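Presented below is the structure to which this report refers.
Heavy atoms only: backbone and side chains are in, while hydrogens, waters and symmetry mates are out. A, B, ... follow the sequence lines: proteins, then strands. Residue 1 opens every chain. Please read all numbers here as calculations on a predicted model, not as lab measurements.
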Amino acid sequence: MRIPHQAEGFIPALKVYNTLTREKVDFEPINPPFVGIYLCGPTVYNLAHIGNARPAVFFDVVRRYLTYLGLKVRFVRNITDVGHLTGDSDEGEDKISKQAKLEQIEPMEIVNFYTQKYHQVIDKLNVLRPSIEPTATGHIVEQIELVQKILDIGLAYVSDGSVYFDVNKYRMKENYGELSGRILEELLETTRELEGQKEKKNSADFALWKKANPEHLMRWNSPWGEGFPGWHLECTAMSTKYLGKSFDIHGGGLDLMFPHHECEIAQAKAAYGEAPVKYWMHNNMVTINGTKMGKSLGNFITIEDLFSGKNELLERSYSPMTVRFFILQAHYRSTLDFSNDALLAAQKAYKRLINALMIVKKLAYPLHPKSEIDEQNDEQIQGFCDTMLKGMQDDFNTAIAIGQLSNIVKKINSFYINPETIDTIKQGTFERMKSLYQTMIEDILGLEEEKSDNQEAFLRALLDLYAEAKEKKEYATVDKIRASFKNNNLIIKDLKNGVDWAYQE
RNA sequence: GGUUUCGUGGCCGAGUGGUUAGGCAGGGCUCUGCAAAAGCUCCCACAGCGGUUCGACCCCGCUCGAAACCUCCA
């Protein structure tokens, strides 16, 4: 994919790192101009944490960038509201059911509650809503059909009301482990004793459909009795339904590579005989003091915590755009280490970028340029723009892009201070810089101005001046302030015990 | 134990076989009633040891160190 309308500079084709082949390759959509992206979404039984924010934000940028390139993107991000097993001691219990019992409410209530919570914080991060946001519970029929299909083909077997994928049989034709690089023999040696192991032919087999225990809250009828879908099934069923048997990009966290995505490939190849995904993209983990953040490790910070500052690991609160900027400042395949210092630095850098954004919108090239062109400066600015786009073309390197934006900020500020020097660069260069700066920040990186919400404080300060002027009988000032309030449809009220403001009725 | 990744300046974080990443912090200068902002500028690097090369932070090997995955997890 090439950049549209970029006459200046040579910008190479878009490259993406494909986890499947472990190399950067040219991105060529299967059916241009259409692109299908499937991203593993949240399991809605808990509040979203920083680790959930990273894929949401990064793949949002992927989507925005591909759209910028002129592609028509269908972006699917699922909501997992059933199915995934809980940790070791829970003996195959459904996460959401477990949480429901804990909170003594309907599972669906949990699901709705946390889905809304998820939307709230993700919206604040300015992540565009997916084109389609399917839920696992809404696709039980499709999942049962998929299980049946794999059974019919003979790559699964029924055992005591559950259905398992026959990894050994699949392996005779396909390469189980092609994505994660796992070797089955090694897996067998290291696989731990888990519940349900006895029912399996082979410890590496995984459940497509799981029989529900009597106390299990979420359950559906199926040809194999009451139960619930296996842990990896929903993504295969829903991605196939909405993006087809073979689609362009499947994204998710690195930790989902095995077993989740490996199993998705196996399920899809078993059922349809073709590879489901052309480009697998995995974002790296967020760490805290060099250690992975995990639900089970108890060191996780929710996104809400970040916004409110209410977490003992946080020295203060950080705005949504600060968090978004922080995430994009690192390349998605690097681990991102969290710290207060890093967040604070990100906040300052973000504000600097936004200040320049407000400035650049007001800058204009003179109608009658009279200065001599400063070729060196002109070339430098073109170079920043080129490098920025090259960075994005090179596996979505947002870190490079942001670095170049910072370089452009200096130029913008210089032109702001000395507007008469704007015509020392060519008009084309100026317009390119201006439009690319805005497009990159707002449309591609999805960063937006965060208006301060303390207008009350501003009004108070003005009212103080008003009262002071009145005291001194400086009525010219008094009238001026009153007029400016009035211009904004506000009125000043002189009260016996002070001044106040109100909306003009 | 197996698989994989990584080790960059006070902190965060890109990148490359020979040329400035960038941000934050710190020093200096300009501007300035004070302060801030902004501009200019300086400082601080590529874990260690070998090898390949005219030349390596970047390639290869070893050592040390860290992390992730192998089990639900973004």
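- At a threshold of 4.0 angstrom between heavy atoms, the contacts of A:Ala399 include nucleobase atoms, whether or not backbone atoms are also involved.
- Base pairing of B:rG7 is made with B:rC64, judged by Watson-Crick or G-U wobble geometry with both donor-acceptor distances under 3.5 Å.
- Applying the Watson-Crick and G-U wobble criteria (two distances, each under 3.5 Å), B:rA21 pairs with nothing in any strand.
- An OP1 or OP2 oxygen of B:rA38 is reached within less than 4.0 angstrom by no side-chain nitrogen or oxygen of A:Asn355.
- When rounded to the nearest whole Å, the span between CG of A:Asn340 and P of B:rC12 equals 13 Å.
- Partner of A:His282 under the ring-ring contact (aromatic ring centres under 6.0 Å, His included) criterion, chosen from A:His261, A:His250, A:His260: A:His261.
- Closest approach to the A:Asn407 side chain among B:rG23, B:rG22, B:rA74 is made by B:rG22 (side chain taken as heavy atoms from C-beta onward).
- Set against B:rG15, B:rA74, B:rG13, the side chain of A:Leu336 has B:rG13 as its closest nucleotide.
- For B:rC69, the paired nucleotide is B:rG2, the pair qualifying as Watson-Crick or G-U wobble because both relevant distances are below 3.5 Å.
- At the phosphate of B:rA25, OP1 or OP2 sits under 4.0 Å from a side-chain N or O atom of A:Lys348.
- Looking only at atom types and distance, the side chain of A:Tyr17 has no donor-acceptor partner in the side chain of A:His331 under 3.5 Å away.
- A:Arg352 has no side-chain polar atom (N or O) that falls below the 4.0 Å cut-off from OP1 or OP2 of B:rA37.
- In this structure, A:Phe325 places its CZ atom 14 Å from P of B:rG22, rounding to the nearest Å.
- In this structure, A:Ser334 reaches the B:rA14 phosphate: one of its side-chain N or O atoms is under 4.0 Å from OP1 or OP2.
- Note on A:Asn418: nothing from the nucleic acid sits closer than 4.0 angstrom, heavy atoms only.
- At least one side-chain nitrogen or oxygen of A:Asn413 sits closer than 4.0 Å to the OP1 or OP2 atom of B:rG39.
- If you check B:rG26 for Watson-Crick or wobble pairing at under 3.5 angstrom, you find it paired to B:rC42.
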